[in-house]
Undergrad: 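First, the structure itself, so that you have it in front of you.
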There are 2 protein chains.
Amino acid sequence: MADGQRFDDEVLITLLRRLTVESDRFAEMFAEVHGVHRTDMNALAVIMDAAKAGTPLSPTALAAALNLSNSATTSLLDRLERAGHVERIRSARDRRKIELRMRDQARELGIAFFAPLRQELLAAWRDLPDDHRAVIGRFLTTTIDATVTARGRFVEP
Amino acid sequence: MADGQRFDDEVLITLLRRLTVESDRFAEMFAEVHGVHRTDMNALAVIMDAAKAGTPLSPTALAAALNLSNSATTSLLDRLERAGHVERIRSARDRRKIELRMRDQARELGIAFFAPLRQELLAAWRDLPDDHRAVIGRFLTTTIDATVTARGRFVEP
DNA sequence: GCAGGAAATTTCGGTGACCGAAGGATATGG
DNA sequence: CCATATCCTTCGGTCACCGAAATTTCCTGC
């Protein structure tokens, strides 16, 4: 019965909405289980991305990325430092600046976060042939672009 | 150069993550522009879904759906009622109960929320043939299921 | 038909994340 | 060196949220 379904625009939009809602729930549940806030998870993700890119992150840059005030970012970093996820290091060249370094603990938390989801996703996609992956990849890319564009429309319509 | 890209598991996971991040940002920005909280948006979505299903929603059921305490839900409903989005109606049969009714204003807010995004998405998908839509639809469905399963693994592993 | 308990919601007091403004500390230009 | 800018933190206040107690209404056994 399932295979006969027509995937018109409405159905795709509904599926997209369900996907984002479920992803959100997953992240929220994970944060709750591990006793951290959603904001903290997002902050760790930003810091981790910066570490991957080799760019040491500053509190101000983090605040901008999270759309958060500087003062709120200070207490966020207090929390993360107290929990042992992050280290504040005064820059040697400009001693006003602070560089944020992740501790291994946080990296392990990130892996623990994604491992179960990752495993399920890989299993779900195991039999996808390359041409289907190409279709899906282009779909995701254009959909991401559309979302970004739609957000831009609000800021400067 | 884009068409030669290989969409292996890693690439798809990255795209999926970017998609959820961008969707989140879109919702957050919309909430901020309209002076409501994220929680309020989620609450309106739940209430709207219930209205579509024809099931009048109670504050307690809303609290459960939002994973929120009853007292927090009370003040949330105070906000929504004060803003004119929702109406509290005492149930005629059981006068302890409250039924939540959406006002047209909130429905219009929801439409205003989705309209720009919807327009962009439809444009992005305009030329998708049916067989591609089927591939995408199955992908989204299995991915949603995988996410739900992964969340279940945490609760009772 | 009424005492006692259950159910649905609200009120109350307290906690903590967040914001804006003011306050150091360090760097840079004249 | 003094003035100004930059970066971060501290401070006081606001508001969403929580847990527990209070309120209103329903239901059951006697």
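Chain letters run A, B, ... following the sequence lines, proteins first, then strands; residues in each count from 1. Just so it is clear, the values below take in all heavy atoms, side chains as well, and ignore hydrogens, waters and symmetry mates.
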Undergrad: If the plane angle is over 60° it's perpendicular, under 30° parallel, otherwise tilted; pick one for B/Phe113 and B/Phe26.
TA: parallel

Undergrad: Would you mind classifying the nucleic acid contact of B/Thr73 as base, sugar-phosphate or nothing, using non-hydrogen atoms under 4.0 angstrom?
TA: nothing

Undergrad: B/Arg90 CZ to C/dA8 C1': how many Å, rounded?
TA: 8 Å

Undergrad: Scan B/Leu68 against the nucleic acid and name what it touches under 4.0 Å (heavy atoms): base, sugar-phosphate only, or nothing.
TA: sugar-phosphate

Undergrad: What is the separation between atom CG on B/Leu80 and atom C1' on D/dC17, rounded to the nearest whole Å?
TA: 15 Å

Undergrad: Given C/dT26, D/dA16, D/dC8, which nucleotide is nearest the side-chain atoms of B/His37?
TA: D/dA16

Undergrad: Within the side chain of B/Arg153, is there an N or O that forms a donor-acceptor pair under 3.5 Å with the backbone of A/Pro116?
TA: no

Undergrad: Figure out the CZ/C1' separation between A/Arg38 and D/dC17, and round it to whole Å.
TA: 17 Å

Undergrad: If you find the nucleotide of DNA chain C closest to B/Lys97 and the one closest to B/Ser75, which residue's nucleotide is nearer the 5' end?
TA: B/Lys97

Undergrad: Look at the side chain of A/Arg95 and decide which nucleotide, out of D/dC18, C/dA27, D/dT25, has an atom nearest to it.
TA: C/dA27

Undergrad: To the nearest 0.5 Å, how far apart are CG in B/Leu122 and CG in A/Leu12?
TA: 9.5 Å

Undergrad: Would you say C/dG16 has OP1 or OP2 under 4.0 Å from some side-chain N or O of A/Arg79?
TA: no

Undergrad: Considering the options A/Glu28, A/Glu22, A/Glu120, which one meets the side chain to side chain contact (heavy atoms under 4.5 Å, CB included) requirement together with B/Arg151?
TA: A/Glu22

Undergrad: Rounded off to whole Å, could you give me the CG-to-P distance for the A/Leu100 and D/dC7 pair?
TA: 14 Å

Undergrad: Where the side chain of A/Ser71 is concerned, which of D/dC7, C/dA8, C/dG20 is the nearest nucleotide?
TA: C/dG20

Undergrad: Please report, rounded to the nearest Å, how far the P atom of C/dA7 is from the CZ atom of B/Arg96.
TA: 8 Å

Undergrad: Do A/Trp125 and B/Thr142 meet the criterion of a side-chain donor-acceptor pair at a distance under 3.5 Å?
TA: no

Undergrad: Between P on D/dC17 and CG on B/Asp78, what's the gap in Å once rounded to a whole number?
TA: 12 Å

Undergrad: Nearest-Å distance, CG (B/Asn70) to P (D/dT23)?
TA: 18 Å

Undergrad: Rounded to the nearest angstrom, tell me the gap between atom CZ in B/Arg82 and atom P in C/dT10.
TA: 13 Å

Undergrad: Please compare A/Thr39 and A/Arg93 by the position of their nearest nucleotide in DNA chain C and report the one closer to 5'.
TA: A/Thr39

